[in-house]
Amino acid sequence: MEKYNASEIEKKWQGVWNKNGGDKAVDFLDKPKHYHLVEFPYPSGSGLHVGHCMGYTASDVYARMMRMRGYNVLFPIGWDAFGLPTENYAIKTGRKPSEVTKENTDIFRKQMKSLAYSFDWDREVNTTDPDYYKWTQWIFLQFYKHGYIDNKLVEIADDDTTTPRMAYQAEMAINWCPDCKIGLANEEVIDGKCERCGAQTYKKMQKQWMLRITAYADRLINDLAKTDYLEKIKTQQINWIGKSEGTQINFEIKNDFKDKNFVFLHAYGDNSQGSFWPWLKLEVEKRGGKVYVPDLPNTDEPNIQEQMNFVLDNYKFDENTVVVTHSLGGVVAMKMIPELKVKIDKLVMMATPLHTDLKDKMPRPALDACTDWKFDFEKIKENVRDIAILGDIEDHIVPLSHTREIAEKLSAKYFEKIGQMTHFNNDIEPEVLKVLLDYIQVFTTRADTLFGCTYVVLSPEHEAINNFQFSISNFQEVEEYINQAKKKSDLERTELQKEKTGVKLDGVKAINPINSEEVDVWVADYVLVGYGTGAVMAVPAHDERDFEFAKKYGIEIKEVITTKNKELGIMNNGESRAYTDYGVMINSSSFDGLTSEEGKKKVTEKLKKLGLGEETVNFKLRDWVFSRQHYWGEPIPLIFCNNCAKNKNKELGIMNNGENTIVPVPEDQLPLTLPDVENYEPTDTGESPLAGIADWVEVKCPKCGGKARRETDTMPNWAGSSWYYIAYALNQKEKIKDKKQANIFYENKKELDYWMPVDIYNGGMEHVTLHLLYSRFWHKFMYDLGEVAIIEPYQKRIAHGIILGSDGQKMSKSEGNVVNPDEIVEKYGADTMRSYIMFIGPYDQESAWSMAGLQGVYRFIHRVWNNAGKVADVQDNKEFLSKLHKYIVSVTDDIENFRLNTYVAKLMEINNLIDKLDKISKEAWGLYLQLLSPAMPHLAEELWSKLGQAESIFVSNWPKAEDRYLVDEFVNVAVQINGKVRGIIKADMTASEDEVKGLAQADPIIAKWLEDKKITKIIYIKDKIISFVIQ
RNA sequence: GCUCGGGUGGUGAAAUGGUAGACACGCUAGCCUUAGGAGCUAGUGAGGUAAAACUCAUGCAGGUUCAAGUCCUGUCCCGAGCACCA
């Protein structure tokens, strides 16, 4: 027999397989389907690394076995090719990113073929292919065109500027990497450093596109229950989303109204004694404010000009004036304020109509005629320091669209609440008072400790601090502290966490809503602006951080929770440390004696009654920053049109302030392709390089035909990978490239229904938070759109551990411990590489590379090769067959559960058995080759053909264990004395307990142990153990 | 600090509560030879023995059980992720 020559055999069979193409998935084939997904790689310049090999080999083994078991297997691959490294490389070498990508994918493809990964190459996708990113852009447009309201996806008209969209723009403090010149998502900043280049990042304000992933936060947690992900992957996702249920509590700021003069403007057909005005007047006066409530003239046949003249004649406005309006009173205010010669303090408007198209559609001629309904919003903004707008969610007259638009035009604070009566018509309306008062809103998960609150803390970025400016007597000191805190990066803030710092806001007091106690207000950077409300109630007795802070600044520590079991006396009057566990409420007036669990509920209920709190849910998850200021990404298909904005404002009679209307690129004009450019350098202004390409940026508005500009931001490279598993199921060659299809998802529902969901998704542990979360989010969105029929894209997710260098360190070029798969394949062959990488250790655990271990596998393959010479026309002995058939069962089980290290070990064990045989039958040898074939496809195919088989081993049926070989004649039974194994006896399979007992007692060593002893008990486990308990 | 993993020979590691260390590396001895990064045979947890028997061994301390690497309690160490999340 000739010598085993890996490279020769492997080349030969790869050629044959390429020609036959037996790895293709066939839509609707009458077989059970199996969709096996591996994470597609980013085609970097350095080629496939061993980490890729580990995942791909494991999945290939699985896929090959599933095909042999008669499944219609979809096992696709593609390229996640947008991204910075390619762009940076292109900049450095002066080449096109698309060319570089092509080169790299060619290398990757060749490497994958050299390792015999049985991908369905017909379905290969590339995220940078315009035919592909056409649909990435299409999905983005759907995000732009839809909103998520009341847990439902709704379509939003293009000219609707007020309803919140799934894709929206926000002026964001983004994490700016000065080296990459790019904005990074929070997830991409590790310890304050850029994930890609390691440079120190800082905060920079920039308008960014955001995706409202938080709207789906609850479903992203709950639907995990429908999947079979590894437990630790589920936990990581849940922790990342970080849901916490608690209470939002309002602390009123004291003595707010001392120098304030209030003007209340009542509604159409109302008067100073109507609605909530008498009650509100009382509440304001209680807090020291002066109130003027005019009875507006001709309230049933109003004329706005006449009414505002009446107010102007009877009241002198100044910088301490607060105007409060209800319904039509707001129209009076909006007409009157631009006429004022002074700047007033505050304008608060409830349920104000913007025009006469009202919800109830009742004709109101008097209203139509009362004014021209045109307002100078810019002038109003100029003349008022602070504006708040309140809309009633259940208003039967004024729709929320009115109040929303007013709030937007005035850049005002905006609240949507439910009135006691619709249109806020009740005689007591707590929401109205709340808008008027200054509140600090806090979030807590421990409402049961509210009585122990001894101060309130604001984060340095909290906007209320500026509102209190004039009441804070030490404002300079406060301002200094805030500036210092802002200068600190996130990193420094956390690094310096050993010592908490803060400044008290002198002159400001907050009122604890549960007991009306006054507490101090502090600003401190241990409170984060990004979580909850950016403010907390501090309970030093029962929170470590508050405790530390209170100790340092000598603030009162008030104990309100004691241990359930008082005798334990763990709580030490707050002397040593905070008691943060649950317990029983004390010092909490009528709540005393309640457990923490009960207390949280009862306190929240009470606050709700007072209108000063309600249960809330908070998430750590933030919305997804979706803009990148770079070239090599999908262009965001939106257009800014100034002309459209002018036209719309003219219609509304609103002055133009240079704003733009956003116009989506029409879907039939997708893809919006990247222009060819000379220079890919990002700009210093933070704009994408696309901004410099006039030809591309300047565009005719698809709506009005006027001059308009394109959005120049591109998408992050998480975008294309968020739906690629759908693309595979759609079949690249036939569907995605078909330009006639207006909606590839909907039009190919049948294919998607057949293949989805992905049965097994295999990838790296590093992607189980971000990529997995993002793509699940996109999928749910697609589900809500009706494009896909299944809620969760991935039924099962597994992840492989990383492979370390032979020195036990992470592989890196600088350490010089990188293993190049090409070299291994060249020297030892693909079969050795594949088998070793599975044998290296448990699939999901990290393992260190070992050349010696690789050698061992290489030797094993030689031994298999040599054993082929034993094949003869013989009868195998029964013992061997029995063992072989047991291995069929356990090998199958191992592969199914990704226990691939023991799978390979078992292949070795079988070979060791064959070593001991003189000859082996064709049939038994064939079975062994089939078991080998997923791991060592070339070797198996070669030896299979040497058996005279005409067809490929991969179209053969996976071995089935035959029952007759699984039944043994004899069995080894361990004999235990007091739990210790003292001997082993060979018993007949059919032996009874008594017979086994007899055999055991006949054994000389056992007999010696039992001599003169009393047997108190015998435990007999059939086929396994007989255990004597003796005294 | 919190949440997951994980601590088993000289090494990588196996073990549905039921014979701890499968398989492989390494090592030792021997054989073979076309002298190689080869192959074959035997041995290899520690102690003990001529060989057995036997004793001790799964981070540490307890517990449950006829029987614990495996289950429970506490504790120490290592790794990963999150991290002032109220």
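Convention: sequence-line order gives letters A, B, ...; per-chain numbering from 1.
- Inspection of the A/Ser459 and A/Tyr531 side chains reveals no N or O donor paired with an N or O acceptor under 3.5 Å.
- Of the candidate nucleotides B/rG18, B/rA22, B/rA14, B/rG18 has the atom lying nearest to any side-chain atom of A/Lys1024.
- Phosphate proximity of B/rA86 to A/Ser244: present, with a side-chain N or O under 4.0 Å from OP1 or OP2.
- Base pairing annotation: B/rC66 forms a Watson-Crick or G-U wobble pair with B/rG18, both donor-acceptor distances under 3.5 Å.
- Distance check on atom C1': B/rU70 versus B/rU8 gives 12 Å, rounded to whole Å.
- A donor-acceptor contact under 3.5 Å is formed by the side chain of A/Gln976 with the base of B/rG18.
- Per the geometry, NZ belonging to A/Lys997 stands 15 Å off C1' belonging to B/rC66, to the nearest Å.
- A/Lys1022 contributes no side-chain N or O that forms a donor-acceptor pair with the base of B/rG18 under 3.5 Å.
- In this entry the distance linking CE of A/Met54 with C1' of B/rG12 reads 12 Å, nearest Å.
- For A/Arg446 and B/rA86, the shortest distance from a side-chain N or O to OP1 or OP2 is not below 4.0 Å.
- For A/Lys1017 and B/rC66, the shortest distance from a side-chain N or O to OP1 or OP2 is below 4.0 Å.
- Both A/Met537 and A/Asn239 lie near RNA chain B, and the one whose nearest nucleotide falls closer to the 5' end is A/Asn239.
- Within the 4.0 Å cut-off from OP1 or OP2 of B/rC54, at least one side-chain nitrogen or oxygen of A/Trp1009 is found.
- Using a 4.0 Å cut-off between charged nitrogen and carboxylate oxygen, A/Lys906 and A/Asp894 count as a salt-bridge pair.
- Side-chain N/O atoms of A/Lys620 and base N/O atoms of B/rC82 include no donor-acceptor pair closer than 3.5 Å.
- Note on A/Asn978: every side-chain N or O is 4.0 Å or more away from OP1 and OP2 of B/rA67.
- With B/rA22, B/rA86, B/rC66 as the candidates, the nucleotide lying closest to the side chain of A/Glu909 is B/rA22.
- For the ring-ring contact (aromatic ring centres under 6.0 Å, His included) with A/Tyr836, the qualifying choice from A/Phe860, A/Trp849, A/Tyr858 is A/Trp849, the only one to do so.
- Across the interface with RNA chain B, nearest-nucleotide mapping of A/Asn912 and A/Lys810 shows A/Asn912 to be the residue nearer the 5′ end.
- Within 4.0 Å (heavy atoms only), A/Asp844 reaches no atom of the nucleic acid at all.
- Nucleic acid contact class of A/Thr445 (heavy atoms, under 4.0 Å, all strands): sugar-phosphate only.
- Looking at the side chain of A/Ile1025, the nearest of the listed nucleotides B/rC84, B/rC25, B/rG18 is B/rG18.
- Distance from the side chain of A/Gln845 is smallest for B/rA13 among the nucleotides B/rA13, B/rC25, B/rA86.
- Contact annotation for A/Gly242: no contact, since no heavy-atom pair falls under 4.0 Å across all strands.
- In this structure, A/Tyr858 reaches neither bases nor backbone, as no heavy-atom distance under 4.0 Å exists between it and the strands shown.
- Remark: the A/Ser806 side chain and the A/Ser850 side chain contain no N/O donor-acceptor pair separated by less than 3.5 Å.
- Base orientation for B/rG9: syn, the chi torsion being within 90° of 0.
- Between A/Ile914 atom CD1 and A/Asn866 atom CG the span is 12.5 Å, to the nearest 0.5 Å.
- Among the atoms of the strands shown, base atoms are found under 4.0 Å from some heavy atom of A/Phe839.
- Using the Watson-Crick or G-U wobble rule with both distances under 3.5 Å, B/rU44 pairs with B/rG26.
- Checking the phosphate oxygens (OP1, OP2) of B/rC54, a side-chain nitrogen or oxygen of A/Arg982 falls inside 4.0 Å.
- Within the 4.5 Å cutoff, the side chain of A/Leu773 has heavy atoms near those of the A/Ile241 side chain.
- A/Ile1018 comes within 4.0 angstrom of nothing in the nucleic acid, heavy atoms only.
- Residue A/Lys243 is classed as having no contact, given no heavy-atom separation below 4.0 Å to the nucleic acid.
- Closest to the side chain of A/Lys980, out of B/rC56, B/rC84, B/rG79, is B/rC56.
- B/rU11 and B/rC4: their C1' atoms are spaced 27 Å apart (whole Å).
- Annotation: cation-pi pair A/Lys986/A/Phe970 present, NZ/CZ under 6.0 Å from the ring centroid and within 45° of its normal.
- Note on A/Val536: a base of the nucleic acid sits closer than 4.0 angstrom, heavy atoms only.
- Residue A/Arg859 has a polar side-chain atom (N or O) positioned under 4.0 Å from OP1 or OP2 of B/rC25.
- Here B/rC23 is the nucleotide among B/rA53, B/rC23, B/rU19 with the atom lying nearest to any side-chain atom of A/Ala905.
- By the 4.5 Å heavy-atom criterion applied to side chains, A/Ile803 and A/Met54 are counted as neighbours.
- Rounded to a whole angstrom, the distance from the P atom of B/rA15 to that of B/rA38 is 31 Å.
- The side chain of A/Ile1021 lies closest to B/rG18 when the candidates are B/rG81, B/rG18, B/rC66.
- Within the structure, every side-chain polar atom (N or O) of A/Tyr526 is placed at least 4.0 Å from both OP1 and OP2 of B/rA86.
- With both ends at atom P, the span from B/rA20 to B/rC54 equals 12 Å, rounded to whole Å.
- Base contact: A/Gln855 has a heavy atom under 4.0 Å from a base atom.
- For the C1' atoms, the distance linking B/rU44 with B/rC60 amounts to 29 Å, nearest Å.
- Using a 4.0 Å heavy-atom cutoff across all strands shown, A/Trp849 reaches no nucleic acid atom at all.
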